[in-house]
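Note that the numbering runs from 1 along the sequence shown for the chain. Predicted model, so just to flag it, every value in this text is computed and none were measured.
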Amino acid sequence: MSSLPATGTTTFTNPVLPGFHPDPSVCRVGEDYYLVCSSFEYFPGVPVFHSQDLVHWTQIGNALDRTSQLRLPPDSPSSGGIYAPTLRHHDGRFWLIVTNVSADGNMLFTATDPAGPWSDPIRLPGVPGIDPDLAWDEDGTCWCTVAGVGQVRLDPSTGETLGPCRRIWSGSPGAKAPEAPHLYRMGDHWYLLIAEGGTERCHGVSIARSRTPDGPFEPCPANPILTHRGTDHPIQNTGHADLVQGPDGSWWMVLLGVRPGGGTPGWHALGRETYLVPVEWADGWPVVGELSPTMAAPPWPLRPGATTPARDDFDVSDLAPHWISLRDRPAENCTTKERPGWLTLRARGASPDATDVTFVGRRQQHVSCRVRASIDVGEGRGGLTVRLDEAHHYAVEATSTELVVTARIGPLSTVVASGPVPPGPVILRVEVAAVEEVRDARTGPDTVALGFEDQDGTFRALAALDGKYLTTEVAGGFTGRVLGMFAASGSVHFDWFDYEPAP
Ligand code: 6LW
């Protein structure tokens, strides 16, 4: 293997999966790596990524793309739904275990191709709690370990549990929320990796080991092996990790972290993102390398995969896998077939306040970015929205005569600005700009400007709003910003949608 990365670069950028991509779980099959994340109230759920270098990830599908696999009731809350998957490869198949906290609890899925199709769910009524992990020992016993930290043996072909769920570790004394367990056989030991301290600023990663998969577990004397709690590191909330070996046999960790911006307490808009960090071993324990926005490239060729183009013209009938909707996506409400070359959204809920609003969006992946969409509302009403959840969103909405900017922040909802529809094709635009200067403690992380384009392409902002209200520190929950199109009444057509990082 060449010692110089193929791209000639000597560094890579963290996060490796920017935007709302929390709770990463990774597995390796030969030269290929696959990674999955939590998806909460969004449909399709559990995005699946592929990489050959651990640095560049291409989305190849969503594991749960049928309502038979993913039931998200219309009234299920934001940040409900799908929590913390584990992805493993065993016995020639991919295994995905995940919790749907809004409907079916713990479930197991299998696939021969991680791009899909994935099986219908095998329900796991005997597996309690969240964050299920799967590991197999030499004699074929399947161990399912959950937050807490509990463990139960499982027949993965039926979902039947064999015996009771036993507590095998409680994490570090005094630390809250021991969760996100992953169990690995390495040499003579079984290692139990967990997150603890909660998924906010105190998050961290700890580990214990045992000679047998079910304990007793001996904690690492250096726990937590990774945390940024109590520091002013630009990457915070670091935790919920999974381990994997690089192509050269070196060890690496994927984990989640956030990038708070602005003044105090710091607000993060993009949700929990996926990071990559090297791991070395000393005295039989993992030692996590320094995590930073710019990292030394691994010693194998970097192999960038396909990137998502800035523009989606809606010229192909199936939506690309990065497009997500809320709770379900019935074909009659979201189609590229009604008007070829356009995405047609047919309204259900009357605004982004509604849990059943017809919405198609993508994750905000850059702290500064620009979204544009060409819209034809006909006699209907719809537009672009910047969404954290039903109770936290901004929108620029068009009718046949008027453009309106709305803001919903918790219980308060207001029309911020309005103006006449411009002549010619209507192009709505949103610009998110990270703050360049924190003027005082209350300076938000970014500004969200909403408006339209003149015929010469000039941006006409109708309003520019503080982005802090669309962050997890204000809204709560586990998700991140999603930028997208919605229909609030009638049928609304979109000719194209552009997402670009700001220059
Ligand atoms: C997840 C838990 C956590 O189940 O947050 O960061 C919860 N960790 O492990 C939701 O993502």
### Message
Can you tell me which residue among Arg372, Arg370, Arg362 is in a salt bridge (Lys or Arg N to Asp or Glu O under 4.0 Å) with Asp498?
### Response
Arg372
### Task
With Asp446 as reference, evaluate Arg481, Lys468, Arg259 under the salt bridge (Lys or Arg N to Asp or Glu O under 4.0 Å) test and give the passing residue.
Arg481
### Message
When you compare the side chains of Arg327 and Thr355, does any donor N or O come within less than 3.5 Å of an acceptor on the partner?
### Response
no
#### Entry: Short side-chain donor-acceptor distance under 3.5 Å, Gln69 and Asp120
no
#### Entry: Which residues share a side-chain hydrogen bond (donor to acceptor under 3.5 Å, both in side chains) with Tyr83, sequence neighbours left out
none
### Task
With sequence neighbours left out, write down each residue that passes side-chain hydrogen bond (donor to acceptor under 3.5 Å, both in side chains) with Asp376, or none if nothing qualifies.
Arg339
Using ring centroids (six-membered ring only for Trp), state whether [Y] and [X] fall under 6.0 Å.
| X | Y | result |
| --- | --- | --- |
| Phe459 | Phe452 | no |
| Phe494 | Phe314 | no |
| His21 | Phe49 | yes |

### Task
Report yes if some heavy atom in the side chain of Thr447 is under 4.5 Å from a heavy atom in the side chain of Asp466; otherwise report no.
no
### Query
With a 4.5 Å heavy-atom cut-off, do Thr274 and Pro15 have their side chains touching?
no
#### Entry: Contact list for residues 326-373, test ring-ring contact (aromatic ring centres under 6.0 Å, His included), sequence neighbours left out
His366-Tyr499
### Inter- and intrachain pairs under ring-ring contact (aromatic ring centres under 6.0 Å, His included), touching residues 388-435, at least two apart
none
Side-chain atoms of residues 96-109: list all donor-acceptor pairs with protein atoms under 3.5 Å, sequence neighbours left out, distances to 0.1 Å.
residue	atom	partner	partner atom	Å
Thr99	OG1	Asn106	OD1	2.6
Asn100	OD1	Ser102	N	3.0
Asn100	OD1	Ala103	N	3.2
Asn100	ND2	Arg71	O	2.8
Ser102	OG	Gly81	N	2.7
Asp104	OD1	Arg71	NE	3.4
Asp104	OD1	Arg71	NH2	2.5
Asp104	OD2	Arg71	NE	3.1
Asn106	ND2	Val127	O	2.9
Asn106	ND2	Gly129	O	3.0

Which pairs would a plain distance check flag for residues 420-436, meaning a side-chain donor or acceptor within less than 3.5 Å of a matching protein atom at least two apart in sequence or in another chain?
residue	atom	partner	partner atom	Å
Arg429	NE	Glu431	OE2	3.0
Arg429	NH1	Glu453	OE2	2.8
Arg429	NH1	Gly457	O	3.4
Arg429	NH2	Glu431	OE2	2.7

### Message
Quick check on Asp440: does its CG atom have over 12 non-hydrogen neighbours (other residues, nucleotides or ligands) under 6.0 Å away?
### Response
yes
### Message
On the six-membered ring of Phe43, is Arg329 placed so that its NZ or CZ lies under 6.0 angstrom from the centre and within 45° of the ring axis?
### Response
no
### Message
Determine whether Asp389 and Ser78 satisfy the following criterion, side chain to side chain donor-acceptor pair (under 3.5 Å), listing intermediate values before the conclusion.
### Response
CA-CA 6 Å; Asp389 61 26; Ser78 284; 5.0 Å; no
